[in-house]
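All values derive from a computational prediction rather than experimental measurement.
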There are 2 protein chains.
Amino acid sequence: MAKALREPKDTSAQAIARLREAGLRPTRQRVELAGVLFQSGDRHVTAESLHDEVAQTGVKVSLATVYNTLHQFTEAGLLRQVIVDASRSYFDTNTGDHQHFFVEKEGLLIDIPGESIAVAGVPAPPAGLSVDRVDVVVRVRRN
Amino acid sequence: MAKALREPKDTSAQAIARLREAGLRPTRQRVELAGVLFQSGDRHVTAESLHDEVAQTGVKVSLATVYNTLHQFTEAGLLRQVIVDASRSYFDTNTGDHQHFFVEKEGLLIDIPGESIAVAGVPAPPAGLSVDRVDVVVRVRRN
DNA sequence: TCAACGAATTAGAACAATTCTAAACTGTGA
DNA sequence: TCACAGTTTAGAATTGTTCTAATTCGTTGA
Ligand SMILES: [Mn+2]
Ligand SMILES: [Mn+2]
Ligand SMILES: [Zn+2]
Ligand SMILES: [Zn+2]
């Protein structure tokens with residue numbers, strides 16, 4: 001049996017463990033969504049793209065549940081939101097320190113490792129404000 | 001006559017000149033919007049905030065016209081768009097090189113001068129892509 | 001000065017993304 | 001296996017934005 005091909009049962013088991021650790025009840029829908037999101041490497045999804053992708057695996061999950069789940073996963077620290085577009089939300093399975101290239105026309109996000117990039121000279125915020133995070137978006141386009 | 005208090009006629013004349021230079025017909029609505037946008041220093045507005053603000057001066061401009069005008073001003077290089085929120089668009093009268101603090105809960109943008117901030121270590125984008133611009137958003141919150 | 005014409009404005013409909021509601025269903029612990 | 005809180009869902013509602021097509025306006029040439 002090839003090691004590269006994970007068994008569905010493996011993926012489910014991992015997803016269930018991950019959900020339990022996060023304090024989320026492992027429902028059929030959450031297990032399926034977690035499977036799709038976390039079985040491969042780092043991913044960037046929108047609610048709609050994830051909904052479509054899950055639909056293609058044959059499992060039926062409502063769009064409302066996809067939204068609920070993305071928000072719950074984000075609150076639980078399994079995902080983070082990435083803001084690059086004024087009209088839709090992206091969610092990122094990479095919750096570590098990193099930044100993004102964004103290909104606007106394609107809605108495509110590409111990670112930039114946190115170690116490789118640095119922002120210098122950020123002034124102290126005005127009195128009464130403190131820095132939450134610093135986001136860098138490198139907007140790129142096809143040649 | 002105090003110099004600090006600009007006459008309406010002055011503001012209009014400036015707005016009309018600015019519109020003509022940009023190749024835009026100086027209609028009553030555009031003159032009014034340009035007046036509000038450009039008479040004071042750098043500003044960050046949303047369509048709705050600008051619409052409300054203009055309404056308070058007693059002038060009636062439809063929301064559709066506010067949207068049209070913001071886009072036309074942006075195409076003409078009088079404004080630029082700032083993306084900090086996944087659900088609404090901000091427009092910035094400062095079209096020069098600079099970055100932003102963003103107070104999410106209040107929808108408030110604060111400029112960071114371009115000279116003070118620097119991004120180092122941006123990798124070359126993947127083949128076939130070229131950098132359009134680099135945006136930095138320093139997300140801050142009230143203490 | 002004014003008619004004519006293309007440009008601009010507008011109300012309201014349409015749209016897209018997201019959130020809400022409240023009824024049906026399901027996972028879990030006893 | 002039951003009961004119940006937690007979850008899912010269809011569909012309605014909401015929000016920000018864009019579109020449509022009818023009206024109004026700004027400019028220009030006579
Ligand atoms: Mn967009
Ligand atoms: Mn928001
Ligand atoms: Zn990422
Ligand atoms: Zn600015």
Answer yes if the side chains of A:Thr57 and A:Glu32 hold a donor-acceptor pair under 3.5 Å, and no otherwise.
yes

Quick one: do the A:His100 and A:Asp92 side chains pair a donor with an acceptor below 3.5 Å?
yes

How far apart are the C-alpha atoms of A:Leu70 and A:Leu50, what are their side-chain angles, what is the distance that settles it, and do they pass the side chain to side chain contact (heavy atoms under 4.5 Å, CB included) test?
CA-CA 10 Å; A:Leu70 286 171; A:Leu50 181 58; 3.8 Å; yes

Candidate list B:Lys105, B:Arg139, B:Arg141, test salt bridge (Lys or Arg N to Asp or Glu O under 4.0 Å), partner A:Asp132, passing option:
B:Arg141

Per-nt protein contacts along nucleotides 8-26 of chain D (heavy atom under 4.0 Å; B base, S backbone sugar-phosphate only, - none) come out as SBB-----SBBB------B

Nearest 0.5 Å, what's the OG-CD distance between A:Ser12 and A:Gln39?
9.0 Å

If a pair satisfies ring-ring contact (aromatic ring centres under 6.0 Å, His included) and one of its residues is in residues 102-136 of chain A, list it, with sequence neighbours excluded.
A:Tyr90-A:Phe102

How many Å lie between [atom1] on [X] and [atom2] on [N], as a whole number?
X       : N      : atom1 : atom2 : answer
B:Leu19 : C:dA8  : CG    : C1'   : 13 Å
B:Asp85 : C:dA17 : CG    : P     : 16 Å
A:Glu32 : D:dT7  : CD    : P     : 18 Å
A:Leu50 : C:dA17 : CG    : P     : 15 Å

